[in-house]
Amino acid sequence: MTKDEFFHALTVYGFDTENVLIDDPTMDGYGIRKVYWRWEIFYRERGVEYFTRGYPSESDALTALLDDILRDTGRDTGKDTG
């Protein structure tokens, strides 16, 4: 999954993309960042990070982050985002 596909899917499911952070070390919300050789996803609230997990590729991390967001927000998790 590319960043464009990820943000398109969020829009399709009606999620506010302002709540997704790309390499932002300060804001609260769902986030993704590259740390050395892996990609990490996390959720940050009041400056504290929760549920940090690492993935070998950006595509894997974006897919997992999308699944987390859809699950956490109770959105329909059907895989057709076309």
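Bear in mind the structure is a predicted one, so any value in this text is a computation, not a measurement.
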K.L.:
Can you name the salt bridge (Lys or Arg N to Asp or Glu O under 4.0 Å) partners of R33, sequence neighbours left out?
P.N.:
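Only E40, E49 meet the salt bridge (Lys or Arg N to Asp or Glu O under 4.0 Å) criterion with R33.
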
K.L.:
Considering residues at least two apart in sequence or located in another chain, which fulfil the salt bridge (Lys or Arg N to Asp or Glu O under 4.0 Å) criterion with D68?
P.N.:
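If we apply the salt bridge (Lys or Arg N to Asp or Glu O under 4.0 Å) test to D68, skipping adjacent residues, the hits are R53, R71.
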
K.L.:
Only counting residues at least two apart or in another chain, list the ones meeting salt bridge (Lys or Arg N to Asp or Glu O under 4.0 Å) with E58.
P.N.:
K3

K.L.:
Can W39 be reached from F7 by stepping across I, L, V, M, F, W or Y side chains whose heavy atoms are under 4.5 Å apart?
P.N.:
yes

K.L.:
Could you work out, with side chain to side chain donor-acceptor pair (under 3.5 Å) as the rule, every residue matching S57, not counting sequence neighbours?
P.N.:
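For S57 the side chain to side chain donor-acceptor pair (under 3.5 Å) partners, ignoring immediate neighbours, are D60.
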
K.L.:
Grab the two heavy atoms, one from L65 and one from G31, that are nearest each other, plus how far apart they are.
P.N.:
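So the two residues come closest at CD2-O, 3.9 Å.
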
K.L.:
Is there a path of hydrophobic side-chain contacts, each under 4.5 Å between heavy atoms of I, L, V, M, F, W or Y residues, that connects M1 with V20?
P.N.:
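Yes, M1 connects to V20 through the hydrophobic network.
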
K.L.:
Quick check: closest heavy atoms across F6 and I69, and the distance to 0.1 Å?
P.N.:
CZ-CD1, 4.1 Å

K.L.:
Got a sec, which hydrophobics cluster with W37, joining ILVMFWY side chains under 4.5 Å apart, including via others?
P.N.:
V35, Y36

K.L.:
Test your reading of the model: is there a side-chain donor-acceptor pair from R44 to the backbone of Y30, 3.5 Å cut-off?
P.N.:
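Checked: no pair found.
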
K.L.:
Answer yes if I41 and L21 sit in the same cluster of Ile, Leu, Val, Met, Phe, Trp and Tyr residues linked by side chain heavy atoms under 4.5 Å apart, and no otherwise.
P.N.:
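No, separate clusters.
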
K.L.:
Is it true that F51 and M27 fall in one hydrophobic cluster, defined by side-chain heavy atoms closer than 4.5 Å?
P.N.:
no

K.L.:
For E45, enumerate each residue passing the side chain to side chain contact (heavy atoms under 4.5 Å, CB included) test, keeping only those at least two apart in sequence or located in another chain.
P.N.:
Y43, Y50

K.L.:
Go through the structure and list residues passing ring pair (Phe, Tyr, Trp, His ring centres under 6.0 Å) with Y55, not counting sequence neighbours.
P.N.:
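Scan of Y55 (ring pair (Phe, Tyr, Trp, His ring centres under 6.0 Å), adjacent residues dropped) gives none.
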
K.L.:
Under the rule for side chain to side chain donor-acceptor pair (under 3.5 Å), what residues qualify as partners of N19, not counting sequence neighbours?
P.N.:
none

K.L.:
With sequence neighbours excluded, tell me which residues meet side chain to side chain donor-acceptor pair (under 3.5 Å) with T73.
P.N.:
R75

